[in-house]
Number of protein chains: 6
Amino acid sequence: MMKRILITGAAGQLGTILRETLKPHAKELRLSDITEITDLGPNETFVQCDIADGAAVKSLVEGCDGVVHLGGISVEKNFDLIEAANLRGVYNLYEAARQHGQPRIIFASSNHTIGYYRQDERLKHTDPFKPDGLYGVSKIFGEAVASLYHDKFGQESALVRIGSCTPKPENWRMLSTWLSPRDFTSLIMAAFTAPRLGCTVVWGQSANDMGWWDNSHAAFLGWVPQDNSQDFAEEIRRTVPRPGPEDSVAKYQGGVFTDEPIHQS
Amino acid sequence: MMKRILITGAAGQLGTILRETLKPHAKELRLSDITEITDLGPNETFVQCDIADGAAVKSLVEGCDGVVHLGGISVEKNFDLIEAANLRGVYNLYEAARQHGQPRIIFASSNHTIGYYRQDERLKHTDPFKPDGLYGVSKIFGEAVASLYHDKFGQESALVRIGSCTPKPENWRMLSTWLSPRDFTSLIMAAFTAPRLGCTVVWGQSANDMGWWDNSHAAFLGWVPQDNSQDFAEEIRRTVPRPGPEDSVAKYQGGVFTDEPIHQS
Amino acid sequence: MMKRILITGAAGQLGTILRETLKPHAKELRLSDITEITDLGPNETFVQCDIADGAAVKSLVEGCDGVVHLGGISVEKNFDLIEAANLRGVYNLYEAARQHGQPRIIFASSNHTIGYYRQDERLKHTDPFKPDGLYGVSKIFGEAVASLYHDKFGQESALVRIGSCTPKPENWRMLSTWLSPRDFTSLIMAAFTAPRLGCTVVWGQSANDMGWWDNSHAAFLGWVPQDNSQDFAEEIRRTVPRPGPEDSVAKYQGGVFTDEPIHQS
Amino acid sequence: MMKRILITGAAGQLGTILRETLKPHAKELRLSDITEITDLGPNETFVQCDIADGAAVKSLVEGCDGVVHLGGISVEKNFDLIEAANLRGVYNLYEAARQHGQPRIIFASSNHTIGYYRQDERLKHTDPFKPDGLYGVSKIFGEAVASLYHDKFGQESALVRIGSCTPKPENWRMLSTWLSPRDFTSLIMAAFTAPRLGCTVVWGQSANDMGWWDNSHAAFLGWVPQDNSQDFAEEIRRTVPRPGPEDSVAKYQGGVFTDEPIHQS
Amino acid sequence: MMKRILITGAAGQLGTILRETLKPHAKELRLSDITEITDLGPNETFVQCDIADGAAVKSLVEGCDGVVHLGGISVEKNFDLIEAANLRGVYNLYEAARQHGQPRIIFASSNHTIGYYRQDERLKHTDPFKPDGLYGVSKIFGEAVASLYHDKFGQESALVRIGSCTPKPENWRMLSTWLSPRDFTSLIMAAFTAPRLGCTVVWGQSANDMGWWDNSHAAFLGWVPQDNSQDFAEEIRRTVPRPGPEDSVAKYQGGVFTDEPIHQS
Amino acid sequence: MMKRILITGAAGQLGTILRETLKPHAKELRLSDITEITDLGPNETFVQCDIADGAAVKSLVEGCDGVVHLGGISVEKNFDLIEAANLRGVYNLYEAARQHGQPRIIFASSNHTIGYYRQDERLKHTDPFKPDGLYGVSKIFGEAVASLYHDKFGQESALVRIGSCTPKPENWRMLSTWLSPRDFTSLIMAAFTAPRLGCTVVWGQSANDMGWWDNSHAAFLGWVPQDNSQDFAEEIRRTVPRPGPEDSVAKYQGGVFTDEPIHQS
């Protein structure tokens, strides 16, 4: 059991899920978000914080022995918003960790770092990036910062390229990209408790029959996802119209993000 | 459920099996063969057709929303026979599909496209061909036609390099090459119903412990074979003499085909 | 010096060139074509022959210690024409060689076996085929036949994927694909005289600065092309309009062949 | 000859060199920098511009048919400086290009994107990044933006991972990393004039005997560097003490950048 | 069932285990060791033998149809000891086999052939060696001898790079390296009974969630390990202190062997 | 210029050549062999030494700042001879170096470590070993010892897999394998003088048109061979009968070594 896990972006959809699932694994969950959280549980504390504020982030990280970094923007937005939350924000976090004992960081990266690959291509974690928006670009930046702090200072990170972390898969594409909350939780704990984490990319997907991504390189962590989108396939096939092969949601791994324009500030 | 699946070569051993297993998946099975089929079931229709006859093939494909192309010759024969059935035949089929709405094609390719690899070599779908006879060469031709029609016209195909599709494995080599009828059926339906098929090579093998071929690139189709030749291993070990390591059936992936001469017309 | 080199397709443009350049390397050049050749030189003999005629091809090959197989069709045509000349033709040639001492065969394959790769992709000889027409498909067939006769009978071949063999490069694309007659000739002789040829793919390109293809695997033959399309680059840049990046002649390795329809018989 | 090439960062050391060498290749060189340039030649114009100012960058790019983007910071600095010049700056540039006809962009990326590889490792352009500082991270960001604008809008770029572009190599490490001004110039012009550029990484190194980087994938551009650091090796060996194998300048490709701390704002 | 399996090194810990588990698979187990074994079972015979004694080893192998070669030294020792037991010993064994019908050999190789790879690296059997001591070097020698006798004489071998074969995993590292006696036994029998064994490297690990090594190339043997160290993970996590990421037992695949000095004779 | 280079095996054919060519590069050449050398030059000293004698080797290495290890047996011999000279010998050398300041070692490895690859295969330095005799096995052992001392102690080595180092190529195979004395010398000096050597495999071949081996990974050393066997090709073709494609000298990279039996002690 860990002493204190920091969850940034804890007020978001993913943060709300992880507050539940991580509860048994730490004496304290330190929650942080730019939005206030008021329904704190007994082992939860809250620190309101704009991730773009370097000094605030430093206080935030102090005293934690693990960080789950969900903070920042998770959809396509304009450069100014992305810059503050996802570029400056991730830099602030790694600087704070460097100055406070280098707790392991689980960085919520994204499939949108490689969104322009086709869905009939299988990827290794070493394949070159193909981002599908400024959001994806910002996650590449974050992975690069993590790599830098690992090589220069020994900071350990899991770079989790999350597919779609929702209670259950909701459309055809999620049959490939779904990461169940249970599997995400066990991945986080595997990364926190492995003797050696290094700076390791992990594709954030459950054990989906239709998965696109090869996680064999990360087997040393011992993470074996338990859920499979296949259990929901019948329901989706019945209720969601099947996209054609050239629709962006069936053609590209990034799905509709590839249809997004560049948002203007 | 599909409207009308065309099965070419429907009178053959494999066709006879698939008539049963595909029945629940289409309103109509349009059967075709050079040999007449008389025992038609309620949702079956029959069109006698020589696959080498281009005009006839055109009529055949019209109105189908999926094609399982088993037609042609499936053993080593002389060039004239192979040419008519497997070269001209496959060209006719793709031309017909191009002119009739491009239904997806499941092309019965073969392990004999790579039969001269040794059995202690594991293959990816991108490894160069090593055919073991004119039959194998003709299947390479077929895969090349499929690739051409995909790149030029967007025609989608599954190129299934079938190992040995029989009710159960019958000899030592089939412990590696067996494709159960059930697994072939589920592969066909996965290819027909996936949002995007592209032009994808799939090794036609069940989940055999002793398999030689890596299907990981095709995981996006969501096809997970359920059968395993291992269930029959004891029986084969008991009843079939074990071949020596330099016997063609144990040395080469194509087995006895590597012992065949070139058949003369 | 060789005793008798057979050149099939000797009346064509490429054959006409090689009659000159191969003259010093053999006591006799046996020329063959469906079209009569009348201007025979002193060490030349002519045998009129339709490559689709198996018996005729057998006589043709007898007594030769090397074959340069240019015969057949070298542009996009309908299936019937391609079938006779390039499918049946190449089968006939390998059968004839098998029955007459297995002289080494230089097979004129083509870049159109891989014509749908983009020009900004660098290829190895082991990359999967991507043909751009029935012509390209027929050359894949020929390479497969050569592989078969090598594995089954030990027949040695050079599979020369010719780019563009003309006296000099004539357009922007040929700055990448050009194979000078001098370099083709030295390649043929390297393949004929190497102690071991095996069944080796060689990209038929001169030492062009802008080349797309990696020939390093074939270095054992000792062939080092001497010409470079760069010597003609200024002239082409001055006289030929530069294509845009999405024009087929600049986008695909197969150039305009990718624009061709399927020719109908 | 081009109409108008924009050089950003034209007042810097590299910009000053390229003003000379690019002069013959364009009717006009539009120079830009945050620092004023006063010694303008006859075909030069100057526009003072802070690359972090999006509106200003838009005017800057308008009317240019090629951009050499040297602007921004080229050494390790604190996040605020890097952010304005190298993150926001590169975004501004690509947005401006998108809105003004998509002139090709030569982006001055850097070896510091991969600085933590050892000098006894040979790299391909597809190897994962290993940045050695925030500067290197910012160049990864820039390459990701270029990739995005290529996949989404067709913007073409050369991503030149410059080693050390100086008049001559000055130390042991530069024997591997040197890019002569002449070779950089010919690379720029090859990228501007090739029929198709795509979005291509090019290692910015001369034809150095001791080079670390494999440029074979980019041969299609026809760029063949002419200079070789070897011509200066004797001089360097005589005048510069040889570093030991574990000194950062001999161990890591990024050299002394790997010794830099994170600069604080 | 086999006639006579020779187990060298039968008095050791591993030999003692295999005497039990191999008993049902052979009419006779011929045991050999430098140390006397006295508790022979009904189908066991014992031949005392120093593996460094070539003549003695010849007698030993005669009449066996399978050899499990555990003999020699299995920890880091000085060169003289390693030389006699592991260099001369393995040579003696292969010579003996060559002269006595070439029974298949299961050679107990070791993870210490690659001990200097990090634990966050996943290995293929073709990755270059990185031995962590003279013991590891001696096992590389043994694998090289096996390869030689295969290519020159057709001798078949399984080169089992054993992780840690103990009744159950005993520390954190063994969660990755554990090979259960049951799985080792089934691997031995798979190698003895496969129609073709060749000269195949197999990573000797159970189906551990945390495994480091890719055995997919050896699937043709049909060996599917049944045990998983994960069943013991809770116990180990509870009772054994977790090593830090830079401890040799967590950093290197060879674990503490990387801390060993070179032992002096 | 170096202070003192030790050449072991200095009385051999290769040693005799290198005494000449290395003379200008060191103040002193310390020569060593089991055979006495009497014709010492002014900057040469001689120490008679059996490489199998560990204590003697220790004295030998003391005071040297570079070692060229040619000592030992360089043809196929029986195990006893190979063991003393090439197994124990190389161990003795690395132990001596470890105890005397770790001078860089140029280890004369051999193409016979990979002799069973075919001549139409191109090798990278990372391809698995395929030795063609006990001699080749002993060189694999030597490379493994070098790797061990590098990872454990930082000892730097060049592992030169020598093809055929003779004044000029003497047969067809040497057109591929020839390493001119001049090129070997420049390689030795490149390895001694590079800032970082690491533990690097280098294929010991001149710039032969017909070369089999890819040295691109070692470009960082700046070694560019100047000689080319092609200059002797005409002479060899005229005077040496051309071997057939299945003769061992044309089929296997190891040539006649593949025909050797195992020599008996």
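Lettering of chains follows the sequences in order, A, B, ..., and the numbering in each one begins at 1.
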### Message
With a 4.5 angstrom heavy-atom cut-off, is it the side chain or the backbone of Glu260(D) that approaches chain A, or both, or neither?
### Response
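Both parts, backbone and side chain.
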[X] versus chain D, the contacting section by heavy-atom distance below 4.5 Å:
{"X": "Tyr91(A)", "value": "side chain"}
{"X": "Glu95(A)", "value": "side chain"}
{"X": "Arg98(A)", "value": "side chain"}
{"X": "Asp132(A)", "value": "backbone"}

### Query
Parallel, tilted or perpendicular for Phe129(D) and Phe129(A), by the 30°/60° rule?
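Judged by the thresholds at 30° and 60°, the geometry between Phe129(D) and Phe129(A) is parallel.
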### Query
So which of Ile262(A), Thr126(A), Ile140(A) has the largest heavy-atom pair count under 4.5 angstrom toward chain D?
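Greatest number of close heavy-atom pairs with chain D: Ile262(A).
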On a heavy-atom basis, which atom in [X] and which in [Y] lie closest, and how many Å separate them?
{"X": "Ala144(D)", "Y": "Val137(A)", "result": "O-CG2, 3.9 Å"}
{"X": "Phe257(D)", "Y": "Lys152(A)", "result": "O-NZ, 3.1 Å"}
{"X": "Pro131(A)", "Y": "Ser147(D)", "result": "CD-OG, 3.6 Å"}
{"X": "Tyr116(D)", "Y": "Leu148(A)", "result": "CE1-CD1, 4.4 Å"}

### Query
Would one find more than 12 heavy atoms of other residues, nucleotides or ligands at under 6.0 Å from atom NZ of Lys77(D)?
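Not more than 12 within 6.0 Å, no.
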### Task
With rounding to the nearest 0.5 Å, note down the distance linking CZ in Arg88(D) to CD in Glu83(A).
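It comes to 5.0 Å.
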### Distance (rounded to the nearest 0.5 Å) between Leu87(D) CG and Ser138(A) OG
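One finds 11.0 Å between CG of Leu87(D) and OG of Ser138(A).
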